[in-house]
Amino acid sequence: MNAPIEEYALVSDLETAAMVGRDGSIDWLCLPRFDSPACLAALLGTEGNGRWRLAPVSGGSCTRRSYRADTLVLDSVWETPTGAVRVTDLMPPRADVPCIVRLVEGLSGTVDLRSDLRLRFHQGRVVPWVRDVGHCTVAVAGPDAVWLGADGPVRDRGDQDATVWEFTVTAGRRLALTLGWTPSHRPAPPSPMSVPAETAVKETVDFWRRWAAQCRYQGPWRDAVVRSLITLKALTYAPTGGIVAAPTTSLPGRIGGESNWDYRFCWLRDSSRTLSCLLRSGYRDEATAWLDWLVRAIAGDPADLQTVYGVKGQRLLPETEAPWLPGYEGSKPVRFGTSAVSCFQLDLYGEVMDTLWLSLRAGIPMPAHVWELVESLMGFLLRHWREPDQGLWQVGGRRCQFVHSKVMTWVAADRAVRMGELLGRNGSSGQWRAMREEVHREVCRKGWDTTQRSFVQSYGAPGLDASALLIPRVGFLPARDERVCGTVRALSRLDHGGFVRRYTGPGEADDAEGTFVSCSLWYADALAATGHRQQAQEAFERVLATRNDVGLLAEQWDPVAGRQLGNAPKAFSHIALVETAFGLSPASPWSRRSPGSRW
């Protein structure tokens with residue numbers, strides 16, 4: 001039986017991540033990158049698909065756990081009949097190769113513990129060759145080698161399919177286990193395994209606290225904002241600046257359903273909101289790195305702009321299924337890779353242009369080749385913006401004249417004009433201005449439903465869509481415009497247990513699908529924008545209450561079952577949390593925002 005999604009905490013070294021359950025089991029780990037094949041995959045199957053459990057021999061779940069303040073260092077405490085013990089889990093920011101450190105400390109009495117490591121390479125199915133090398137045990141399969149070492153005495157319980165060690169700690173005593181990855185052709189364990197565990201803990205704590213101290217938010221929800229920013233940093237692939245949507249794949253939006261997708265990649269749709277979140281929070285270096293990743297990834301023919309790219313900017317992300325994995329709570333198929341690369345979505349052009357505009361306004365220089373990219377993207381959009389696309393949610397894969405897509409084409413034209421004015425490059429601004437005006441008129445005429453007094457999902461159809469909540473945020477209409485206020489009122493129909501569904505109408509989200517965290521936060525933001533601050537705060541705090549015990553949000557929340565759904569932790573959910581917290585702050589009310597501004 002799989003543990004609830006909300007029982008997992010995250011540790012990361014800024015290149016990959018591990019998911020740690022309350023029972024002390026690491027049930028998900030891909031090495032050496034976020035998008036590498038999993039070597040621990042019990043999250044999507046059973047312990048036979050790979051896990052590393054470290055817990056008292058008596059078993060059970062930890063009594064309490066928490067991250068150390070302003071860090072990604074996780075402390076879990078077990079209180080047993082014979083004593084109490086604390087396990088500290090962390091991944092030191094990577095200098096060479098990935099390592100996981102699990103430091104056990106006796107708090108009182110005497111506690112017997114067991115480490116049960118069952119490595120299964122190549123997405124949870126290949127049993128490695130395991131042997132002892134010096135003071136370490138190494139497991140090898142194909143290109144991968146994983147080394148496990150202890151800095152104190154352990155009792156090897158010898159298991160054909162696992163490396164099982166037992167040991168005893170008493171009050172005041174410590175023992176650390178370290179797991180490291182190397183390419184299998186390297187003959188020796190990775191050098192980080194020789195670093196004393198206490199040193200690794202101290203350096204990792206110091207790293208995260210220095211980073212968190214840069215946060216500029218000082219409002220009433222600072223702890224939640226800092227935790228979300230740390231989570232966003234943890235999902236960053238440091239070598240390139242790319243940020244994965246989540247560290248997991250195939251955690252379902254509907255238990256037992258087939259909507260199980262791989263989110264270990266970088267979505268362009270998140271780009272402008274990611275940049276806005278980082279810049280307004282004080283993280284200019286991360287924002288610049290994300291921008292650099294974006295420009296490298298999308299370089300080339302604007303007709304080939306993809307929905308999603310790999311952490312290194314890869315375009316080929318072939319989707320495969322893993323029939324040997326039974327799926328989370330039987331939700332199949334389990335997928336690796338994504339077919340979303342082939343979707344035609346016009347909103348992406350607006351997201352990219354908004355990202356470039358936000359960076360320029362923040363004082364990040366725009367080289368000549370980036371301006372050439374702007375002109376190329378706009379040239380394509382001028383020719384193709386009238387075409388139907390697959391939209392934000394890819395509803396059934398069908399192409400329609402989606403209102404959100406058209407709003408974002410308006411954003412593209414608007415930001416291109418503004419960048420041209422700021423840079424003194426107005427060669428094509430006449431065409432862009434004309435396009436901006438035409439798109440605006442068309443959306444206001446064809447995307448507006450006079451009966452419902454609301455913008456709808458697509459031209460000529462009555463279905464509503466939560467993406468309309470973004471209309472004031474992107475500056476398409478002022479927040480106090482009656483059409484915006486009417487849309488916010490109408491979208492209360494998307495309410496499900498106090499949270500917000502994605503849409504209604506043809507292709508309506510399945511009743512068993514959870515509400516989307518980001519949509520609920522957009523709703524809170526729009527309520528604040530239209531003057532309903534008390535309601536906005538209540539909606540925001542309802543979302544905060546759905547975080548797990550260590551402050552993490554998944555993609556969705558099921559208000560009926562009271563549980564998280566979808567891949568976790570989800571970067572977009574945490575980005576929306578930060579942006580909404582800023583929007584609700586008295587220091588930066590909506591009334592001070594200029595058109596096209598995110599802060």
Any chance you could measure [X], atom [atom1], to [Y], atom [atom2], to the nearest 0.5 Å?
{"X": "F582", "Y": "D525", "atom1": "CZ", "atom2": "CG", "value": "12.5 Å"}
{"X": "R155", "Y": "W165", "atom1": "CZ", "atom2": "CH2", "value": "13.0 Å"}
{"X": "L278", "Y": "Q214", "atom1": "CG", "atom2": "CD", "value": "11.0 Å"}
{"X": "L179", "Y": "L119", "atom1": "CG", "atom2": "CG", "value": "6.5 Å"}
{"X": "C39", "Y": "Q123", "atom1": "SG", "atom2": "CD", "value": "10.0 Å"}
{"X": "I5", "Y": "Q556", "atom1": "CD1", "atom2": "CD", "value": "9.0 Å"}

My understanding is that only one of R68, R64, R65 makes a side-chain hydrogen bond (donor to acceptor under 3.5 Å, both in side chains) with D75; could you say which? R68

State which residue, out of T82, T110, D112, fulfils the side-chain hydrogen bond (donor to acceptor under 3.5 Å, both in side chains) condition with T168. D112

Applying the side chain to side chain contact (heavy atoms under 4.5 Å, CB included) criterion to V97, which one of S191, P189, P32, P192 satisfies it? P192

Would you mind telling me which of N2, N49, V334 makes a side chain to side chain contact (heavy atoms under 4.5 Å, CB included) with P326? N49

Return the minimal non-hydrogen interatomic distance between [X] and [Y], and the atom names on each side.
{"X": "A17", "Y": "L29", "answer": "O-CD1, 3.6 Å"}
{"X": "A224", "Y": "L544", "answer": "CB-CD2, 4.0 Å"}
{"X": "I26", "Y": "A18", "answer": "CG2-CB, 3.9 Å"}
{"X": "A234", "Y": "L72", "answer": "CB-CD2, 3.6 Å"}
{"X": "D144", "Y": "W181", "answer": "OD1-NE1, 3.0 Å"}
{"X": "D132", "Y": "T137", "answer": "OD1-OG1, 2.9 Å"}

[Y]/[X] salt bridge by N-O under 4.0 Å criterion:
{"X": "R174", "Y": "D151", "answer": "no"}
{"X": "D116", "Y": "R51", "answer": "yes"}
{"X": "E329", "Y": "R563", "answer": "yes"}
{"X": "R280", "Y": "E579", "answer": "yes"}
{"X": "E258", "Y": "K332", "answer": "no"}
{"X": "R264", "Y": "D262", "answer": "yes"}

Kindly determine whether E105 and R173 satisfy salt bridge (Lys or Arg N to Asp or Glu O under 4.0 Å), including the steps that lead there. CA-CA 6 Å; E105 302 175 80; R173 300 299 298 270; over 6 Å; no

Applying side chain to side chain contact (heavy atoms under 4.5 Å, CB included) to Q314 and D35, what does each step give before you reach the verdict? CA-CA 11 Å; Q314 313 99 292; D35 57 357; 3.3 Å; yes

Set out, in order, the CA-CA distance, both residues' side-chain angles and the distance that settles ring pair (Phe, Tyr, Trp, His ring centres under 6.0 Å) for F516 and W393, then state yes or no. CA-CA 11 Å; F516 270 57; W393 309 119; 5.6 Å; yes

Got [X] and [Y] here, is their nearest side-chain heavy-atom distance under 4.5 Å?
{"X": "W52", "Y": "L148", "answer": "yes"}
{"X": "T288", "Y": "R284", "answer": "yes"}
{"X": "T88", "Y": "L74", "answer": "no"}
{"X": "K233", "Y": "L14", "answer": "yes"}
{"X": "P93", "Y": "S12", "answer": "no"}
{"X": "V85", "Y": "V77", "answer": "no"}
{"X": "I575", "Y": "L232", "answer": "yes"}
{"X": "W78", "Y": "L113", "answer": "no"}

May I ask you to establish whether R131 and W129 are in a cation-pi arrangement, using a distance under 6.0 Å from NZ or CZ to the six-membered ring centre and at most 45° from the ring axis? yes

[X] side chain to [Y] main-chain N or O, any donor-acceptor pair under 3.5 Å?
{"X": "Q564", "Y": "T546", "answer": "yes"}
{"X": "T236", "Y": "A238", "answer": "no"}
{"X": "Y328", "Y": "A3", "answer": "yes"}
{"X": "H574", "Y": "L553", "answer": "yes"}
{"X": "T16", "Y": "C30", "answer": "yes"}
{"X": "R102", "Y": "T178", "answer": "no"}
{"X": "D558", "Y": "G562", "answer": "no"}
{"X": "S331", "Y": "G327", "answer": "no"}
{"X": "R502", "Y": "T515", "answer": "no"}
{"X": "D27", "Y": "L43", "answer": "no"}

For W28 and F336, take the angle between the two ring planes, folded into 0 to 90°, and tell me which bin it lands in: parallel under 30, tilted 30 to 60, perpendicular over 60. parallel

Indicate the ring-plane relationship of H122 and W324, choosing parallel, tilted or perpendicular according to the 30° and 60° boundaries. parallel

Show, in sequence, the C-alpha distance, side-chain angles and deciding distance for R22 and E7, and conclude whether the salt bridge (Lys or Arg N to Asp or Glu O under 4.0 Å) test is met. CA-CA 6 Å; R22 289 185 61 87; E7 289 203 359; 5.2 Å; no

Carefully, step by step, assess V517 and F499 under the rule side chain to side chain contact (heavy atoms under 4.5 Å, CB included). CA-CA 8 Å; V517 172; F499 300 88; over 6 Å; no

Tell me if the aromatic rings of W221 and F540 count as close, with their centers under 6.0 Å from one another. yes

Show me the pairs that pass ring pair (Phe, Tyr, Trp, His ring centres under 6.0 Å) and involve residues 243-287, at least two apart or across chains. W211-Y283, Y263-W267

Side chain to side chain contact (heavy atoms under 4.5 Å, CB included) between R501 and C519, worked out: CA-CA 7 Å; R501 290 189 182 277; C519 294; over 6 Å; no

Just by distance, with hydrogens left out, do S25 and D23 show a side-chain donor and acceptor under 3.5 Å apart? no

Which is it for F572 and E555 under the side chain to side chain contact (heavy atoms under 4.5 Å, CB included) test, yes or no, and what are the steps along the way? CA-CA 8 Å; F572 204 38; E555 179 184 46; over 6 Å; no

Which residues pass the salt bridge (Lys or Arg N to Asp or Glu O under 4.0 Å) test with K202, not counting sequence neighbours? D206

